[in-house]
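Report on one structure; see the data block that follows.
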Amino acid sequence: MDTVRVRFAPSPTGSLHIGGARTALFNWLFARHHGGVFILRLEDTDTGRNIGEAAVQIESSLRWLGIGWDEGYDCGGPFGPYRQSERFGLYREEARRLLESGRAYWCYCTPEELAAQREKARRRGEVPRYDSRCGDLTGDGRRAKEAAGIQPALRVKMPKAGATVVKDLIRGEVGFDNATLDDIVILKSNGGPTYNFACVVDDGAMRISHVIRAEEHLSNTPKQIVLFNLLGYALPEFVHVPMILAPDRSKLSKRHGATAVDEFRTGGFLPEALVNYLALLGWSPGGEREQFSREELVAFFSLDAVTKHAAVYDVKKLTWLNAQYLKALPLERVVEQVRPFMQEAGYLSASPDPAELDYLNRVVEAVRSRIHTLVELRDASAYFYRPDFEYEEKGVRKHFTKPGVTGILARGREALSALPVGRFTVEGTEEAFRQVIEELGVSGGALIHPARLALSGRTVGPGLFDIITVLGKEQCLLRLDRAIARIENNLEQA
RNA sequence: GGCCCCAUGGUCAAGUGGACUAAGACACCGGCCUUUCAAGCCGGUAACGCGGGUUCGAAUCCCGCUGGGGUCACCA
């Protein structure tokens with residue numbers, strides 16, 4: 001295979017959603033697998049629809065996912081510029097070639113006229129199609145239109161007979177009857193190129209070897225193939241990957257909850273998990289594994305293992321994968337990822353000192369195996385940072401109302417208090433508590449459950465002795481005292 | 001509606017004519033473990049859309065139907 005050159009070409013009309021992200025990922029994996037080039041091109045020809053911040057947002061989502069590009073509108077490259085709004089000169093040149101060779105013609109129909117024609121056809125039950133009426137406009141007719149001040153659009157004559165076959169790498173040969181092809185507009189009356197034209201000119205000029213894009217573009221492809229041939233460009237391979245659908249099998253949109261990559265980031269998902277999940281949506285390496293590192297994905301990725309059918313995305317499985325990464329990734333990585341969440345909650349200062357970081361490390365290690373997202377990790381850590389929590393009501397009824405509970409807690413407090421610093425470890429504190437339990441002749445739970453509630457306010461969480469050692473002696477004694485006082489106070493009121 | 005694509009459990013999917021009384025994963029349900037909750041381990045429920053062919057034999061090939069999706073712009 002010649003050098004692989006693929007591109008991801010988003011339009012800056014919004015944030016990067018997971019469908020786009022997966023298309024970008026497949027392109028990237030394919031390029032990396034073959035040692036090829038991955039290009040980021042901005043399709044911003046419709047100035048009216050461009051959203052200022054969108055390009056920046058798309059870019060940052062891609063970077064967050066770890067999808068980097070070799071050529072692009074920010075870093076340049078041998079076939080730049082990579083922003084279509086900066087390539088209008090090229091499009092006009094190429095359009096002129098078509099006009100001069102008689103393959104294109106000016107069309108003076110106004111949008112209103114075209115809409116009326118379409119409506120008329122629809123009412124007659126016909127397929128709305130442009131009738132090429134301007135194609136045989138005489139010089140006089142043209143002059144008359146121009147005198148009327150109409151800015152024309154440039155159309156390309158499409159073949160009217162025969163068929164155009166799209167050779168798609170995952171779908172095989174897909175035939176389209178040429179009679180269904182409109183004379184498409186390639187230059188709008190404002191002088192700008194249309195999508196189909198700019199796309200073809202750029203894919204040709206940028207020597208794209210494989211056009212890997214979503215399936216919704218399949219029906220554009222025959223028109224683009226005609227353009228490729230008219231322009232004399234080498235045809236790239238076409239690859240139309242299946243769509244990602246919402247749980248109700250409809251096209252993904254905002255109303256389906258989080259669909260933007262950025263929402264997953266703020267929702268506490270790791271890029272490792274999202275990349276892994278997205279790679280497995282519509283592609284399968286076979287076998288029984290579900291977890292793959294980025295390097296493994298690159299090594300295993302292959303277009304012929306991409307499925308043909310659309311996939312419904314399932315946030316539950318993504319959540320599971322995220323939890324897997326949360327507990328298996330090196331601790332430093334998880335800590336690094338959770339830092340902004342902790343800072344936002346006020347648990348961590350803007351520039352934490354080593355002691356703060358050490359504490360955070362221990363908190364994360366204690367909590368990370370029982371949560372699914374960074375947001376959950378932050379929430380499950382709250383009591384490590386705030387001593388003034390409320391006690392869970394259900395736990396209070398269950399563990400703080402037992403007769404003698406204050407006495408038991410007091411004995412536990414005493415035991416911890418008596419422990420020398422060197423013995424304030426998971427083993428040491430557990431041994432101390434076990435001894436209290438034995439001396440009192442009560443069940444382990446009689447001390448452990450109220451103690452957990454006293455220290456964390458919750459009935460669920462890490463092992464008690466992990467909580468104790470992370471909190472440290474001083475906090476434990478304080479919190480135990482607070483709980484004992486609270487229970488006695490309640491008893492008086494009762 | 002025309003054209004195009006697709007069709008294995010609720011979801012992601014393996015499967016490329018015999019090894020399929022159809023893998024694995026998520027979710028769900030049970031059990032074990034256990035100081036709680038997770039995690040982990042063990043087990044369970046659950047699928048080839050329908051109808052015709054072809055073939056000794058079909059989830060796999062062909063046709064039709066049904067269903068889902070995409071697309072029909074001077075949007076991309």
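We name chains A, B, ... by the order of the sequence lines, and we start the count at 1 in each one. Since the structure is predicted, the reported quantities are computational estimates derived from the model, not experimental observations.
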Inset, instruction - Just jot down the salt bridge (charged side-chain N to carboxylate O under 4.0 Å, His left out) partners of A/Glu113, sequence neighbours excluded, or say none. - result: none
Inset, instruction - Enter the distance from A/Leu447:CG to A/Ile437:CD1 here, rounded to the nearest 0.5 Å. - result: 5.0 Å
Inset, instruction - Sticking with atom P, work out how far B/rG53 lies from B/rG43, rounded to a whole angstrom. - result: 42 Å
Inset, instruction - Provide the distance between the two P atoms, one in B/rC61 and one in B/rA19, to the nearest whole Å. - result: 16 Å
Inset, instruction - Taking all heavy atoms of A/Val396 and all of A/Arg486, pick out the closest pair and write down the distance. - result: CG2-NH2, 4.4 Å
Inset, instruction - Write down the distance between NE2 (A/His309) and P (B/rG15), rounded to a whole number of angstrom. - result: 11 Å
Legend entry - Nucleic acid footprint by protein, nucleotides 33-47 of chain B - heavy-atom cut-off 4.0 Å, B for base, S for sugar-phosphate alone: --BBBBSS-------
Legend entry - Atom C1', compared across B/rA58 and B/rA39: separation rounded to whole Å: 43 Å
Legend entry - Paired nucleotide for B/rG2 [Watson-Crick or G-U wobble; both distances under 3.5 Å]: B/rU71
Legend entry - Check ion pair A/Glu119-A/Arg122 (N to O, under 4.0 angstrom): yes
Inset, instruction - Using side chain to side chain donor-acceptor pair (under 3.5 Å) as the criterion, list what pairs up with A/Arg22, not counting sequence neighbours. - result: none
Legend entry - Note: A/Glu438-A/Arg434 ion pair, threshold 4.0 Å (strictly below): no
Inset, instruction - Treat primed atoms plus P, OP1 and OP2 as sugar-phosphate and everything else as base, then score nucleotides 64-76 of chain B 5' to 3': B for base contact with protein heavy atoms under 4.0 Å, S for sugar-phosphate contact only, - for none. - result: ----SSSS-SBBB
Inset, instruction - Would you please name every residue forming a salt bridge (charged side-chain N to carboxylate O under 4.0 Å, His left out) with A/Glu216, sequence neighbours left out? - result: A/Lys251
Legend entry - Ion pair check, A/Asp131 and A/Arg133, cut-off under 4.0 Å: yes
Legend entry - Watson-Crick or G-U wobble partner of B/rC56, both distances under 3.5 Å: B/rG18
Inset, instruction - Would you mind telling me which of A/Thr221, A/Ile225, A/Thr180 makes a side-chain contact (heavy atoms from CB on, under 4.5 Å) with A/Thr164? - result: A/Ile225
Inset, instruction - Would you mind reading off the distance between A/Asp314 atom CG and B/rC12 atom C1', rounded to a whole angstrom? - result: 7 Å
Legend entry - Base partner of B/rG64, which must satisfy Watson-Crick or wobble distances under 3.5 Å: B/rC50
Legend entry - Between B/rU11 (C1') and A/Ile18 (CD1): distance, integer Å: 13 Å
Legend entry - Atom-to-atom span, CG of A/Leu281 to P of B/rC6 - whole angstrom: 19 Å
Inset, instruction - Could you let me know what B/rC26 is paired to, Watson-Crick or G-U wobble, both distances under 3.5 Å, or none if it's on its own? - result: B/rG10
Legend entry - Carboxylate-amine/guanidinium proximity below 4.0 Å for A/Asp182 and A/Arg129: yes
Inset, instruction - Could you tell me the separation between the CG atom of A/Leu321 and the P atom of B/rU11, rounded to a whole number of Å? - result: 19 Å
Legend entry - Distance, P atom - from B/rA25 to B/rG40, rounded to whole angstrom: 12 Å
Inset, instruction - Give a yes/no on whether any side-chain N or O of A/Thr180 is located under 4.0 angstrom from OP1 or OP2 of B/rG2. - result: no
What does the list of N/O pairs under 3.5 Å between the protein and nucleotides 21-24 of chain B look like, with a distance for each?
| residue | atom | partner | partner atom | Å |
| --- | --- | --- | --- | --- |
| B/rA23 | O2' | A/Glu288 | OE2 | 3.3 |
| B/rG24 | O2' | A/Glu288 | O | 3.0 |
| B/rG24 | N2 | A/Glu290 | OE2 | 3.4 |

Legend entry - Atom-pair distance (CG on A/Leu278; P on B/rU11), nearest Å: 19 Å
Inset, instruction - Classify the ring geometry between A/Phe238 and A/His240 as parallel (under 30°), tilted (30 to 60°) or perpendicular (over 60°). - result: parallel
Inset, instruction - Can you tell me, in whole Å, how much space there is between the C1' of B/rU71 and that of B/rC12? - result: 26 Å
Inset, instruction - For B/rC26 versus B/rU21, give the span between their P atoms, rounded off to a whole number of Å. - result: 26 Å
Legend entry - Nearest-Å distance for atom pair CD/C1', residues A/Gln291 and B/rA13: 16 Å
Inset, instruction - For B/rG9 and B/rC65, measure between their P atoms and round to the nearest Å. - result: 22 Å
Legend entry - Pair A/Tyr195 + A/His217: ring centers closer than 6.0 Å: yes
Inset, instruction - Please determine, for B/rC41, whether a Watson-Crick or G-U wobble partner exists with both distances under 3.5 Å, and give it or none. - result: B/rG31
Legend entry - Mutual orientation of the aromatic rings belonging to A/Phe301 and A/Trp283 [parallel < 30°, tilted 30-60°, perpendicular > 60°]: tilted
Legend entry - Pairwise P distance for B/rA46 and B/rG10, with rounding to whole Å: 11 Å
